[in-house]
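Contents: one structure, followed by commentary.
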Amino acid sequence: MKVIIAEKPSVAREIARVFGANTKKNGYIEGKGFTFTWAFGHLLQLAAPQEYGYYGWNIQNLPMLPPKFKLSIRKVKTKDGVVDDPSVKKQLDVIKSLFDEATEIIVATDAGREGELIFRYIYYYLKCKKPFKRLWISSQTDEAIKEGFRNLKPGSDYDTLFNSAHCRSQSDWLVGMNATQALSLSSGNRAVLSLGRVQTPTLAMICSRFIENRNFVPQTYYQVSIHPDKDGQVFKAISTENYATKEEAEAVFNQVQDVEGGFPQGGHVLQVEAKPRKEPPPLLHDLSSLQQEANKRKGFTADQTLSILQNLYESKLVTYPRTGSRYIGDDVFAGVPALIEKQELHPLFGKQAQALAGAKLSKRSVNAKKVTDHHAILPTGETPNHLSPDHQAVFDMVAGRMLEAFHQDCIKEITKITMQSGAKFIASGTVIHTAGWRAVFNDKEDDKKDEENATLPKVTQGENLPVTAKAILEKQTKPKPLYNEASLLKALETAGKEIDDEELRYAMKDSGLGTPATRAAIIETLLKRNYIIREKKNLVPTQTGLGVYEVVKNQQIAQAELTGNWEKRLEEIRSGASVTEFQEEIKTYTRAITSELLNLGKALNIPVAEATSKTNA
DNA sequence: GCAAGGTC
């Protein structure tokens, strides 16, 4: 009997369906001589410190460098403390008995580093010795699955991928566990002060932005505005220059040749520019872009959006949500017209779905090369009913974005009128000619400047217009805004783009900090530690968060570069480089950061009222 | 009491 193991039930079901297997058992599906089972993501994790004999939190144990890592069943918190997750234990038993009977295992976990790790941890934990082959596909259409099975790879082809995954996992453990205990203990052991490769640079970003924002001194500057009149249609033009003092602005103001000042035609049209601009439709959503949109539109946290999406996914209304790709392959694209048709009765944008029927669809989001483990989020075509308002809102963002993404360009005309009236003034305006994809939600543009005219009258170069009013505008320079969930998610995604070292920048270019599946959890961790709080929509550091930041801000653990560095080395390991060399470097770094923090932490004063309790964290 | 990674 051949056993196929997938990363999650939905994938196992898809593969079983393609094979025509449909006998549902407890924890697996059977048929056609195959057995299809699944994990639930990582079932196993690196064991906690006490399982290597490092009891309690004790400086004597530091740095903890287990000679050999152990695996343990994923834990869950209950009122009786932390225990093995019973559903995981049960599924592992199922997998064990299937592996025991198997002649061959086919590994169908996601095609990536973590997918490989999920299987190997199970395989080694169960001490399984059966031969295994690897299914490596990045799309789960019937054809892709069949093609993948015709092209199964030898399991050992992925040994180096497993090595890199295992190294990632061990390194995060070594650095995270040791740094956390070192800082917590040296600062008086009154609170859990966690540190990690991803959470600490994230905290640093929030803190440094907060401090920059707090220390920002706004500068007042002045502009002059005039209101020219073209046959009764009045518009607004702003001085091309900003003035540092009110006096300078007043001088310009006084030079304006307005009607009241005795100039009936004192506004001279120097130049008229009208450029049509095509605005292509937005890409389909990946998890992060959807979390950002839901945060902007509805104020949902990253965690809420992920949880709502998981529900929609389990109800088979949307495709796999934890994707980092905003593209689909040609095979999925072939099904898009049918998906669009399904939205024709939608109360909000059914009309737009009808308009798209038979139209030529934009292929901007179609690019098989940019589909990684999973493609962009799409509705499945199932019709939802009785969704809660929040679920409906998220579903609509998915379905609406699909309509936008395959819609035509939005065509605008951007007009700029340059005027002379004592000084130079510019009026700008944007007119939408063809709404295209913007018709779906009919939102006004988010980046609309406040001084922009909705529409501008037709004027010609050389024309003279009466200036009916003028004013001095007092304005202030603004600091970079504090992070909110949307801007932080974006910043995590693009983290590393400004790294000077070209190799490190390259190593991070497709990843950023964290992964789509974990970013919401990282934000929640910082909240749970009382490092940050939500203040309206903003994420603001607490005294504790700022204190930790001050202590570690110059350390590698607080820099996004650390991830870039690791990614570069992990990629080398995947292509065959030495594992032990990297492991030794990590051990060396662990010793260094641990002793550094044991010193630095002494200077840290955690406000007791703010600190998370040690026992109830 | 601790990381980051995956998922129900």
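Per chain, numbering begins at 1; letters A, B, ... match sequence-line order. Every heavy atom of this structure was used, including side-chain atoms; hydrogens, water molecules and symmetry mates were not.
- Ring pair A:Trp566/A:Phe582 is perpendicular by interplanar angle, where above 60° counts as perpendicular and below 30° as parallel.
- Nucleotide B:dA4 holds its P atom 17 Å from the CD1 atom of A:Ile118, rounded to whole Å.
- Here the side chain of A:Glu114 is nearest to one of B:dG1, B:dG5, B:dA3, namely B:dG5.
- Residue A:Ile593 contributes atom CD1, which lies 14 Å from atom C1' of B:dA3 at whole-angstrom precision.
- A donor N or O paired with an acceptor N or O is not found under 3.5 Å between the base of B:dC8 and the side-chain atoms of A:Gln310.
- Annotation: cation-pi pair A:Lys8/A:Tyr320 present, NZ/CZ under 6.0 Å from the ring centroid and within 45° of its normal.
- For the pair A:Arg529 and B:dA3, the criterion of a side-chain N or O lying under 4.0 Å from OP1 or OP2 is met.
- The distance from atom NZ of A:Lys316 to atom P of B:dC8 is 11 Å, rounded to the nearest whole Å.
- Evaluation of A:Trp173 against the base of B:dA3 yields no stacking contact (centre distance < 5.5 Å, interplanar angle < 30° required).
- The separation between A:Gln170 atom CD and B:dG5 atom C1' is 14 Å, rounded to whole Å.
- The CG-C1' distance, from A:Leu526 to B:dC2, rounds to 14 Å in whole Å.
- At B:dA3, one or more side-chain N or O atoms of A:Gln199 fall inside 4.0 Å of OP1 or OP2 (strictly under the cut-off).
- Using a 4.0 Å heavy-atom criterion, one finds that A:Gln181 contacts the bases of the nucleic acid, with or without backbone contacts as well.
- The shortest distance between the side-chain N/O atoms of A:Lys77 and the OP1/OP2 oxygens of B:dC2 is below 4.0 Å.
- Around atom NZ of A:Lys133, no more than 12 heavy atoms belonging to other residues, nucleotides or ligands sit under 6.0 Å away.
- At whole-Å resolution of the value, CZ in A:Phe69 and P in B:dA3 are 14 Å apart.
- Side-chain atoms of A:Glu7 lie closest to B:dT7 of the nucleotides B:dG1, B:dT7, B:dA3.
- Taking 4.0 angstrom as the limit, A:Ser194 places none of its side-chain polar atoms (N or O) nearer than this to OP1 or OP2 of B:dC2.
- Side-chain proximity of A:Arg322 to the nucleotides B:dT7, B:dA3, B:dA4 is greatest for B:dT7.
- Atom-to-atom, CG of A:Asp85 to C1' of B:dC8 comes out at 9 Å; the value is rounded to the nearest Å.
- At a threshold of 4.0 angstrom between heavy atoms, the contacts of A:Leu195 are confined to the sugar-phosphate backbone, with no base atom among them.
- Evaluation of the side-chain hydrogen bond (donor to acceptor under 3.5 Å, both in side chains) test over residues 47-62 of chain A, restricted to residues two or more places apart or in two chains, returns none.
- One atom, CZ of A:Arg519, and another, P of B:dG5, lie 9 Å apart when rounded to the nearest Å.
- By the neighbour-count criterion of 12 heavy atoms within 6.0 Å, atom CD of A:Glu581 is sparsely surrounded, having that number or fewer from other residues, nucleotides or ligands.
- Comparing B:dG5, B:dT7, B:dC2 by their closest approach to the side chain of A:Arg168 singles out B:dG5.
- Of the candidates B:dC8, B:dA3, B:dA4, the closest approach to any side-chain atom of A:Arg197 belongs to B:dA4.
- Closest to the side chain of A:Tyr313, out of B:dC8, B:dG5, B:dC2, is B:dC8.
- For the salt bridge (charged side-chain N to carboxylate O under 4.0 Å, His left out) test, residues two or more places apart in sequence or in another chain that qualify with A:Asp85 are A:Arg74.
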